[in-house]
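One structure is given below, encoded as structure tokens.
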Amino acid sequence: MELNESKISLLKENQNLLKNFERVLKTQKLKINNVSDATQIMMRDKKMTKLRKQIWIYTGCLFVIELLGIFGLVQLWKQGTNIMILVVLGLLLAMSVASFLTSYYYHKVVYICSNCKNEFIPSFKNFFLAMHTPKFRKLCCPSCHKKSYCLEVIR
């Protein structure tokens with residue numbers, strides 16, 4: 001009886017793991033044909049998480065540099081120095097770094113249509129202007145021409 005009870009509890013635990021995995025796949029709206037497909041999606045998700053962390057670190061560094069720049073400009077302004085040129089240069093530098101980070105992210109991701117499961121790369125303009133959540137972006141699929149929230153995965 002004890003042996004049967006332990007086997008039953010192990011099977012229930014495995015069943016719960018499979019149900020959780022199925023729930024994750026349904027939320028991502030992906031079609032999984034075999035274990036290797038599931039493994040590939042999980043690996044891509046880990047790489048995507050790493051990419052997002054990199055972007056946050058770079059953005060945080062940029063924010064700190066901007067704060068230091070603003071503090072320095074305030075000090076110069078208090079001394080009566082004309083700082084308009086420095087402000088313009090600082091804004092141009094911040095915008096160029098932000099543009100680089102956006103472009104870097106764009107070139108690292110691909111999207112999976114939630115309707116037809118097609119992988120595609122939108123134009124930069126559509127990527128930039130689309131509404132999005134942390135893992136999805138509302139885009140029009142070039143295959144089925146349906147506009148929906150598409151899953152963002154690493155290339």
Side-chain angles (χ1 to χ4, degrees), residues 13 16-33 35-155:
E13 188 177 313
N16 287 335
L17 287 172
L18 289 171
K19 284 180 181 178
N20 287 338
F21 184 66
E22 183 181 44
R23 193 176 327 117
V24 168
L25 294 177
K26 282 182 181 177
T27 60
Q28 293 186 0
K29 299 179 181 174
L30 297 177
K31 184 178 179 182
I32 304 299
N33 295 325
V35 175
S36 67
D37 287 348
T39 305
Q40 183 181 12
I41 289 169
M42 291 171 76
M43 292 303 293
R44 287 174 91 176
D45 192 46
K46 286 180 184 179
K47 290 178 183 177
M48 194 69 201
T49 300
K50 184 178 177 183
L51 174 65
R52 287 187 182 113
K53 284 181 184 176
Q54 281 180 331
I55 295 294
W56 276 111
I57 289 169
Y58 296 146
T59 304
C61 291
L62 178 62
F63 181 71
V64 169
I65 291 168
E66 287 175 355
L67 286 178
L68 292 173
I70 291 170
F71 179 74
L73 290 174
V74 168
Q75 295 303 316
L76 289 173
W77 182 66
K78 285 181 179 178
Q79 295 173 3
T81 308
N82 187 355
I83 57 170
M84 190 53 76
I85 293 174
L86 292 174
V87 169
V88 170
L89 289 175
L91 286 174
L92 288 174
L93 177 65
M95 289 187 329
S96 63
V97 171
S99 298
F100 169 76
L101 288 175
T102 304
S103 176
Y104 176 76
Y105 189 77
Y106 170 75
H107 289 292
K108 292 284 187 175
V109 297
V110 67
Y111 294 88
I112 300 175
C113 177
S114 61
N115 186 44
C116 68
K117 314 306 184 244
N118 178 46
E119 283 193 20
F120 68 96
I121 301 168
S123 69
F124 184 79
K125 178 184 173 187
N126 290 338
F127 162 83
F128 188 75
L129 297 176
M131 295 188 320
H132 60 90
T133 68
K135 292 188 177 187
F136 296 90
R137 196 171 288 263
K138 193 168 190 173
L139 298 165
C140 184
C141 175
S143 294
C144 66
H145 304 290
K146 191 169 188 178
K147 191 169 190 174
S148 62
Y149 280 96
C150 301
L151 178 66
E152 198 170 59
V153 293
I154 199 107
R155 288 188 195 187

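In this chain, numbering begins with 1 at the start of the sequence shown. For the numbers below, each heavy atom of this structure counts, side chains included, while hydrogens, waters and symmetry mates do not.
- Taking each heavy atom of A94 and E66 in turn, the nearest pair found is CB-OE2, 3.0 Å.
- The structure places CG of L151 at 9.0 Å from OG1 of T133, a figure rounded to the nearest 0.5 Å.
- The backbone N or O of P122 lies less than 3.5 Å from a partner atom in the side chain of Y106, making a donor-acceptor pair.
- Every residue meeting the side chain to side chain donor-acceptor pair (under 3.5 Å) condition with S123, not counting sequence neighbours, appears here in chain and number order: N126.
- Partner E152 forms a salt bridge (Lys or Arg N to Asp or Glu O under 4.0 Å) with one of K47, K108, R52 and no other, that one being R52.
- Ring geometry for Y104 versus Y58: interplanar angle over 60°, hence perpendicular rather than tilted (30 to 60°).
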Query raised in the report: C141 and F120: side chain to side chain contact (heavy atoms under 4.5 Å, CB included), yes or no, with the steps?
Result: CA-CA 7 Å; C141 175; F120 68 96; 4.3 Å; yes
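- Side-chain contact check for T59 versus F63: every heavy-atom pair is 4.5 Å or farther apart.
- Closest of all the heavy-atom pairs between A130 and K138 is CB-O, 3.2 Å.
- Listed for the S96 side chain is a donor-acceptor partner under 3.5 Å among the backbone atoms of L93.
- Contact between V153 and M48 at its shortest, heavy atoms only, is C-SD, 3.7 Å.
- Ring geometry for F127 versus F124: interplanar angle of 30 to 60°, hence tilted.
- At a threshold of 4.5 Å between non-hydrogen side-chain atoms, the residues C113 and S143 do not count as touching.
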Report task. Test L51 against Q54 for side chain to side chain contact (heavy atoms under 4.5 Å, CB included), laying out the working first. Result -> CA-CA 5 Å; L51 174 65; Q54 281 180 331; 3.7 Å; yes
Requested in this report: Take I65 and V97 through the side chain to side chain contact (heavy atoms under 4.5 Å, CB included) test and state the conclusion after the steps.
Outcome: CA-CA 11 Å; I65 291 168; V97 171; over 6 Å; no
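- Rounding to the nearest 0.5 Å gives a distance of 14.0 Å between CG of L62 and CD1 of I57.
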**Report entry** Full working for side chain to side chain contact (heavy atoms under 4.5 Å, CB included) between R155 and I121
**Finding:** CA-CA 10 Å; R155 288 188 195 187; I121 301 168; 3.3 Å; yes
